[in-house]
Number of protein chains: 2
Amino acid sequence: MKLTNKSLYSQARDAILNIIDNSTEFMAKLPSEQELSERLGVSRNTIREALKSLENEGFIAPRHGVGTFIIRDSKNIKSNIAVLDSFTKIITNHGYTPGTKSLYHDRRTVPEDLTSKLNINEDSDVLYIDRIRTADGKPVIYVEDYITYIDGMMERFNSIKTESIFEFLKSYDIKISFSSCNIYAVISNEKLQKKLSLKEPKALLHLEQVHYSTKGIPIMYSDSYFLSNKFDFNLVRKVID
Amino acid sequence: MKLTNKSLYSQARDAILNIIDNSTEFMAKLPSEQELSERLGVSRNTIREALKSLENEGFIAPRHGVGTFIIRDSKNIKSNIAVLDSFTKIITNHGYTPGTKSLYHDRRTVPEDLTSKLNINEDSDVLYIDRIRTADGKPVIYVEDYITYIDGMMERFNSIKTESIFEFLKSYDIKISFSSCNIYAVISNEKLQKKLSLKEPKALLHLEQVHYSTKGIPIMYSDSYFLSNKFDFNLVRKVID
DNA sequence: CTTGATTTGTGCGTATGTATG
DNA sequence: ACATACATACGCACAAATCAA
């Protein structure tokens with residue numbers, strides 16, 4: 001009998017994240033793996049899987065022979081750039097009300113430089129989507145998406161009213177699992193200033209991404225431009241020995 | 001008897017990374033965990049640890065019930081921003097010869113806004129270091145470091161000739177383990193243009209970091225400014241369920 | 001449509017090593 | 001020297017997903 005659809009380690013992770021968010025003092029020590037194992041009623045291995053996941057996201061720092069310490073909580077993190085969230089969630093996390101100002105799309109032949117990135121033939125089609133996302137009504141992100149074309153996509157995109165491309169792809173049983181992302185700082189050119197209603201050149205954070213499905217197949221290429229002063233992108237960088 | 005100072009899983013990781021870098025076809029499939037386990041003579045658990053690490057760095061994508069697939073190799077990755085490398089290594093990886101153009105340092109009271117970040121009293125001192133790093137002789141990174149002051153640090157910093165702050169800290173038995181990093185795009189102001197020998201405003205990638213030791217103690221705050229057009233910063237972003 | 005083989009995912013138990021205080 | 005706590009490693013069992021016969 002299946003009680004939940006979540007794995008044990010994922011449930012343990014949630015429980016530990018709860019401890020983290022409720023702690024107040026700086027560098028508080030978590031209960032030992034042994035104690036967490038007993039308290040949550042799962043094996044130490046399962047606890048360790050949960051801790052590893054939290055360590056990867058930068059919440060905790062284990063010290064060999066000493067204990068595991070909380071280095072930050074999830075409440076104050078507005079956006080972890082290593083986590084692939086929707087624009088809607090990123091804007092919401094920063095305390096703004098998200099919206100979409102303009103939306104254009106067409107079907108076109110894949111641009112030459114994207115054939116290798118999307119691993120498709122040069123005469124293949126893509127669904128091109130051009131969007132301006134807003135925070136409290138003001139333009140903050142400009143996005144251009146190129147999605148490997150599937151039969152009838154134009155028509156379905158017209159009929160389905162969703163702000164989320166990820167949701168749209170789910171209707172084709174495609175679930176985006178990760179993206180390979182290049183990060184650049186750019187100064188807005190005329191096109192970008194027009195799109196983002198800027199009167200003067202501003203610094204933008206440019207993310208160039210190839211999105212992959214759970215099957216590891218490249219599905220979508222995106223260029224997104226963030227008004228950098230509106231967003232806090234956080235990341236934990238680790239030394240690899 | 002200790003034959004190596006590397007953990008088994010780390011050795012397995014190296015062996016698998018070697019397979020990855022030597023594969024040619026797109027989305028090639030790795031040998032199964034079972035086979036890797038037998039071939040490398042370690043347990044399946046150890047193989048899984050190695051694979052998990054490679055998955056976290058975006059080299060492979062496992063598919064439940066199917067196999068593990070190579071999505072990129074390490075040869076073409078110039079700089080994974082989630083990995084905390086030295087500036088020297090980042091510049092070298094991009095194919096340039098690294099150097100340091102200017103170097104200034106002093107001892108000063110900690111700036112007020114850094115007391116909480118470094119978790120020190122407001123009357124504590126820091127070692128301030130101001131550097132311009134070059135690639136093939138051209139300025140490409142401007143860095144300002146603030147290190148929690150330890151007795152005699154000024155004198156020792158004068159006498160030790162190293163380009164690496166990390167190496168300098170090791171002489172105090174402090175090993176940097178990770179940093180918490182905020183990422184911004186900025187347009188160079190007059191000060192930055194002077195430091196980086198720029199004739200006109202350019203887009204810079206600004207990393208604001210707090211560096212922690214292996215003990216999880218904040219040691220150093222850094223502001224670094226990268227000439228964005230000279231560097232490729234890559235990152236794998238994952239959907240969290 | 002069912003079955004079986006293969007492969008990754010999850011979970012437990014145990015033992016030993018290493019760092020810290 | 002000792003206890004505590006995390007790190008590494010092995011073996012085993014079963015679940016779940018996929019695919020081909």
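Just so we're on the same page: letters track the sequence lines, and every chain starts at 1.
Regarding Glu55(B), its CD atom lies at a distance of 11 Å from the C1' atom of dT8(C), rounded to whole Å. Gln34(B) has its CD atom 13 Å from the P atom of dC10(D), to the nearest Å. Between the CD atom of Glu35(B) and the C1' atom of dT8(C) there is a distance of 15 Å, given to the nearest Å. Leu36(A) has its CG atom 17 Å from the C1' atom of dG11(C), to the nearest Å. One atom, NZ of Lys215(B), and another, P of dA19(C), lie 11 Å apart when rounded to the nearest Å. Between the CZ atom of Phe69(A) and the P atom of dA5(D) there is a distance of 11 Å, given to the nearest Å. Between the CD1 atom of Ile47(B) and the C1' atom of dC10(D) there is a distance of 13 Å, rounded to whole Å. Rounded to an integer number of Å, the gap from Glu33(B) CD to dA16(D) C1' is 14 Å.
Comparing Gly67(A) and Leu8(B) along DNA chain D, the residue whose closest nucleotide (by nearest heavy atom) sits nearer the 5' end is Gly67(A). Nearest-nucleotide mapping onto DNA chain D: of Lys52(A) and Val66(B), the residue sitting toward the 5' end is Lys52(A). Residue order along DNA chain C, read from the 5' end via each residue's closest nucleotide, puts Tyr9(A) first among Tyr9(A) and Gly65(A).
Cation-pi check for Arg72(B) over Phe59(B) is met; the charged atom lies under 6.0 angstrom from the ring centroid and within 45 degrees of its normal.
For the pair Arg48(A) and dA7(D), the criterion of a side-chain N or O lying under 4.0 Å from OP1 or OP2 is met. An OP1 or OP2 oxygen of dT10(C) is reached within less than 4.0 angstrom by no side-chain nitrogen or oxygen of Thr46(A).
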**OP:** Could you walk me through whether Glu167(A) and Lys170(A) pass the salt bridge (Lys or Arg N to Asp or Glu O under 4.0 Å) test, one step at a time?
**Re:** CA-CA 5 Å; Glu167(A) 285 302 317; Lys170(A) 272 184 195 161; 3.3 Å; yes
**OP:** Carefully, step by step, assess Glu57(A) and Arg13(A) under the rule salt bridge (Lys or Arg N to Asp or Glu O under 4.0 Å).
**Re:** CA-CA 12 Å; Glu57(A) 285 171 59; Arg13(A) 187 184 176 285; 2.6 Å; yes
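Here dT8(D) is the nucleotide among dG21(C), dA7(D), dT8(D) with the atom lying nearest to any side-chain atom of Ser7(B). Checking dT8(C), dC6(D), dT10(C) against the side-chain heavy atoms of Thr68(A) singles out dC6(D) as nearest. With dC19(D), dT7(C), dT10(C) as the choices, the nucleotide that has an atom nearest any side-chain atom of Ser32(B) turns out to be dT7(C).
In this structure, OG in Ser10(A) is found 10.5 Å from CG in Leu17(A), a value given to the nearest 0.5 Å.
When both pairing distances are held under 3.5 Å, dT18(C) makes a Watson-Crick or G-U pair with dA5(D).
Less than 6.0 angstrom separates the ring centroid of Phe157(A) from the ring centroid of His105(A).
Side-chain N/O atoms of His64(B) and base N/O atoms of dA16(D) include a donor-acceptor pair closer than 3.5 Å. On a pure distance criterion of 3.5 Å, no polar donor-acceptor pair joins the side chain of Arg44(A) and the base of dA5(D).
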